[in-house]
Protein chains: 2
Amino acid sequence: MQDQELRAAGLKVTLPRLKVLKILEQANPRHLTAEDVYKKLLEQGEEIGPATVYRVLTQFEEAGLVDRLNFDGNRAVYELSTGEHHDHLVCLSCGTVSEFYDDLIETRQQHVAEQHGFLLKEHDHIIYGLCQNCQS
Amino acid sequence: MQDQELRAAGLKVTLPRLKVLKILEQANPRHLTAEDVYKKLLEQGEEIGPATVYRVLTQFEEAGLVDRLNFDGNRAVYELSTGEHHDHLVCLSCGTVSEFYDDLIETRQQHVAEQHGFLLKEHDHIIYGLCQNCQS
DNA sequence: ATGTATGCAAAACATTTGCACCTGG
DNA sequence: CCAGGTGCAAATGTTTTGCATACAT
């Protein structure tokens, strides 16, 4: 069960946390807004308020269970952490999200930071475009 | 005068637009939030409301006069467009913003998009870290 | 003149917080 | 039992919008 995952993250095992975790694990696509999660809870007939969803997602992020992203700039998106870093491609037309990882870009990025005297901590890299289906 | 720039952008020359444009041109650092711009207008004793600032900045963005960025995810930041694409380094401690452009990353990015069947339209690439001064 | 821009206040939206009650360990 | 978690509603912060008035051309 996901009890273990919560405990391992140092979080008490409560119903809202279990439900939210399950939703994130079963999500397809994997990228959900807080509202998406809340709606799915409603669909399942759960009595969980939006405030709790935000609180739980924030705790999950702090615990490293999920990653928070910021597509388009006004709405946070959450995805279950894979443990491996990756960046994103977002389709401007249908919203499809793909993931990518490019060693060369990562290396080069580190290089750029050094050139500017920066100690690199993290980065956001999102490519916006049209996915294959939306180009026709 | 900046009248020309506004006219060239297809915008009527009005006092708020002139004032906002001047503030952006004189800004140092070059990256300002809508609120920053609004405060500077107040300091100058101008009678311009926040709503107008947002409207003007949005129009400037549509006209290509300014670029809108999204540092940290909850606050939009505007900078006068240089005409040349660049990405950003942001100091997590003092907020300093630097700009960078790396041909290799740009090329590679295009490559990544193609591999995923995406037609690349734009991208956000922000490196967060500690600037030289904030590492000591 | 006339269509567009502005100012104000109110609305919209995503997210956070205060507080009384409930619950997990 | 008791600290921490939750639900609700109200607050927050940013940005947008409706509408009557003012302005640029």
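Within every chain, numbering begins at 1; the chains are lettered A, B, ... in the order of the sequence lines, protein sequences first and strands thereafter.
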Task: Partners passing side-chain hydrogen bond (donor to acceptor under 3.5 Å, both in side chains) against Glu25(B) (at least two apart in sequence or in another chain) - done: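 Partners of Glu25(B) by the side-chain hydrogen bond (donor to acceptor under 3.5 Å, both in side chains) criterion, ordered by chain and then number, come out as Gln2(B).
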Where at least one partner belongs to [range], residue pairs that pass ring-ring contact (aromatic ring centres under 6.0 Å, His included), sequence neighbours excluded:
range	result
residues 65-92 of chain B	His31(B)-His88(B), Phe71(B)-His88(B), His85(B)-His123(B), His86(B)-His88(B)
residues 92-115 of chain B	Phe100(B)-His125(B)
residues 41-60 of chain B	none

Open item on the list: Run the side chain to side chain contact (heavy atoms under 4.5 Å, CB included) test against Glu114(A) and tell me which residues pass, sequence neighbours left out.
Closed with: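 By the side chain to side chain contact (heavy atoms under 4.5 Å, CB included) rule, Glu114(A) matches Gln110(A).
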Task: Set of residues satisfying side chain to side chain contact (heavy atoms under 4.5 Å, CB included) with respect to Lys121(A), sequence neighbours excluded - done: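 Here the qualifying residues are Leu119(A), Leu92(B), Leu130(B).
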Open item on the list: Let me spell it out: for each of Ala76(B) and Ile48(A), pick the nucleotide of DNA chain D with the closest heavy atom. Which residue's pick is nearer the 5' end?
Closed with: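 Looking at the nearest nucleotide for each, Ile48(A) comes out on the 5' side.
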Heavy atom of [range] under 4.0 Å from DNA chain C: which residues?
range	answer
residues 50-70 of chain B	Ala51(B), Thr52(B), Arg55(B)
residues 23-40 of chain A	none
residues 10-19 of chain A	Val13(A)

Open item on the list: Run the salt bridge (charged side-chain N to carboxylate O under 4.0 Å, His left out) test against Asp67(B) and tell me which residues pass, sequence neighbours left out.
Closed with: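 Salt bridge (charged side-chain N to carboxylate O under 4.0 Å, His left out) list for Asp67(B), sorted by chain: empty.
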Task: Member of Val20(A), Leu80(A), Thr58(A) meeting the side-chain contact (heavy atoms from CB on, under 4.5 Å) criterion with Val66(A) - done: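 Going through the options one by one, the only one that passes is Leu80(A).
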Open item on the list: Distance check needed: dA9(D) P versus Glu47(A) CD, whole Å only.
Closed with: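 From Glu47(A) CD to dA9(D) P: 12 Å.
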Task: Rounded distance (Å) that lies between atom C1' of dG4(D) and atom CG of Leu6(A) - done: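 In whole Å, dG4(D) C1' lies 15 Å from Leu6(A) CG.
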Open item on the list: Let's go through Glu35(A) and Arg75(A) carefully: what are the C-alpha distance in whole Å and the side-chain angles of both, what is the deciding distance for salt bridge (charged side-chain N to carboxylate O under 4.0 Å, His left out) to 0.1 Å, and is it a yes or a no?
Closed with: CA-CA 10 Å; Glu35(A) 202 195 354; Arg75(A) 184 169 294 224; 3.4 Å; yes
Task: Lys/Arg-Asp/Glu bridge criterion (N-O < 4.0 Å) met for Glu99(B), Arg30(B) - done: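 The answer is yes: the pair qualifies as a salt bridge.
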Task: side chain to side chain donor-acceptor pair (under 3.5 Å) partners of residues 40-49 of chain B, not counting sequence neighbours, each pair once - done: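 Sorted result for residues 40-49 of chain B: Lys19(B)-Glu46(B).
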- [ ] Extract, from 5' to 3' on DNA chain C, the first and final nucleotides lying under 4.0 angstrom from some heavy atom of chain B.
- [x]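 First and last nucleotides in contact are dG3(C) to dA9(C).
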Open item on the list: So does Gly117(B) get a backbone contact from the side chain of Gln135(A), meaning a donor-acceptor N/O pair under 3.5 Å?
Closed with: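 Yes; at least one donor-acceptor contact below 3.5 Å.
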Open item on the list: When you group the ILVMFWY residues by side-chain heavy-atom contacts below 4.5 Å and let the links chain together, are Val53(A) and Val77(A) in the same group?
Closed with: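 No; tracing contacts between hydrophobic side chains, which count when under 4.5 Å, never links both residues.
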